[in-house]
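Sequence positions, counted from 1, serve as the residue numbers for this chain. Because the structure is a prediction, the values reported are computed rather than measured.
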Amino acid sequence: MCRNIKTLFNFEPPATEDEIHASAVQFVRKLSGFNKPSQANAEAFDLAVAEVAVAARRLLTSLHTHAPVRDREIEAEKAKERSRLRFGTG
C-alpha cells in the first residue's frame, strides 16, 4: 500500500473532492512510476487521475459500516504517535 494514500472512508466530515483528487494522483503516480509525467504522457496521466477520482468517489458514497464515525483530529494524532514511535521524531 502506498503510504501517502490516506483512508477517506467513515470520517466526519466526509472526504472532500480535493482529498479524493490527491489520493487519485498518488495512486496514478504509484502505478505509472511518474511523479510528473512528460508532455507526451500528461494527457493519459490526467485522464487516469480523473477516472480514478470518479471511481473513488463512487466507492466512498456506496460503502456502509456499523463502525462509529472517525474523527480526523484523533486519527491525525494517532498517526503522529505511530510516526514518533517508528522514527523517534516528535
Side-chain angles (χ1 to χ4, degrees):
M1 178 81 180
C2 183
R3 295 187 192 279
N4 293 331
I5 298 176
K6 298 177 183 167
T7 300
L8 299 178
F9 176 62
N10 198 28
F11 280 98
E12 190 58 44
T16 66
E17 290 302 318
D18 286 342
E19 290 172 316
I20 292 170
H21 182 266
S23 288
V25 168
Q26 287 298 324
F27 183 74
V28 173
R29 282 178 177 169
K30 186 71 169 182
L31 287 178
S32 67
F34 299 138
N35 188 32
K36 183 175 188 320
S38 65
Q39 284 184 336
N41 293 316
E43 185 176 342
F45 186 93
D46 292 342
L47 178 60
V49 169
E51 290 174 345
V52 168
V54 168
R57 170 54 71 199
R58 188 178 316 122
L59 172 66
L60 291 171
T61 58
S62 66
L63 293 174
H64 301 281
T65 184
H66 294 292
V69 176
R70 293 183 278 184
D71 182 280
R72 290 176 188 276
E73 291 180 18
I74 292 171
E75 295 300 318
E77 287 301 318
K78 287 180 187 177
K80 286 179 188 175
E81 179 63 14
R82 285 190 303 270
S83 178
R84 187 187 66 74
L85 292 172
R86 182 173 181 197
F87 299 111
T89 61

Task: Passing option when Asn10 is tested against Leu63, Leu60, Thr65 for side-chain contact (heavy atoms from CB on, under 4.5 Å) - done: Thr65
Open item on the list: Looking at every non-hydrogen atom in both residues, tell me the closest pair between Arg29 and Phe34 and how far apart they are.
Closed with: CG-O, 3.2 Å
Open item on the list: Check this for me, if you would: do Glu81 and Arg84 make a salt bridge, where the nitrogen-to-carboxylate-oxygen distance has to be below 4.0 angstrom?
Closed with: yes
TODO: Please round to the nearest 0.5 Å and tell me the distance separating atom CD of Glu73 and atom CZ of Phe11.
DONE: 11.5 Å
Open item on the list: Measuring from atom CG of Leu31 to atom CD of Gln26, what distance do you get when rounded to the nearest 0.5 angstrom?
Closed with: 11.5 Å
Task: Single-linkage hydrophobic cluster Leu59~Ile20, side-chain heavy atoms < 4.5 angstrom - done: yes
Open item on the list: Quick check: closest heavy atoms across Ala24 and Ala53, and the distance to 0.1 Å?
Closed with: CB-N, 3.7 Å
Open item on the list: Does any part of the side chain of Thr7, heavy atoms only, come nearer than 4.5 Å to the side chain of Glu75, both counted from C-beta?
Closed with: no
Task: Spacing of Leu8 atom CG and Arg72 atom CZ [to the nearest 0.5 Å] - done: 7.5 Å
Task: Which atom of Asp71 lies closest to which atom of Ile74, heavy atoms considered - done: OD1-N, 3.0 Å
Open item on the list: Within this structure, what is the CZ-CD distance for the pair Arg57 and Glu19, rounded to the nearest 0.5 Å?
Closed with: 9.0 Å
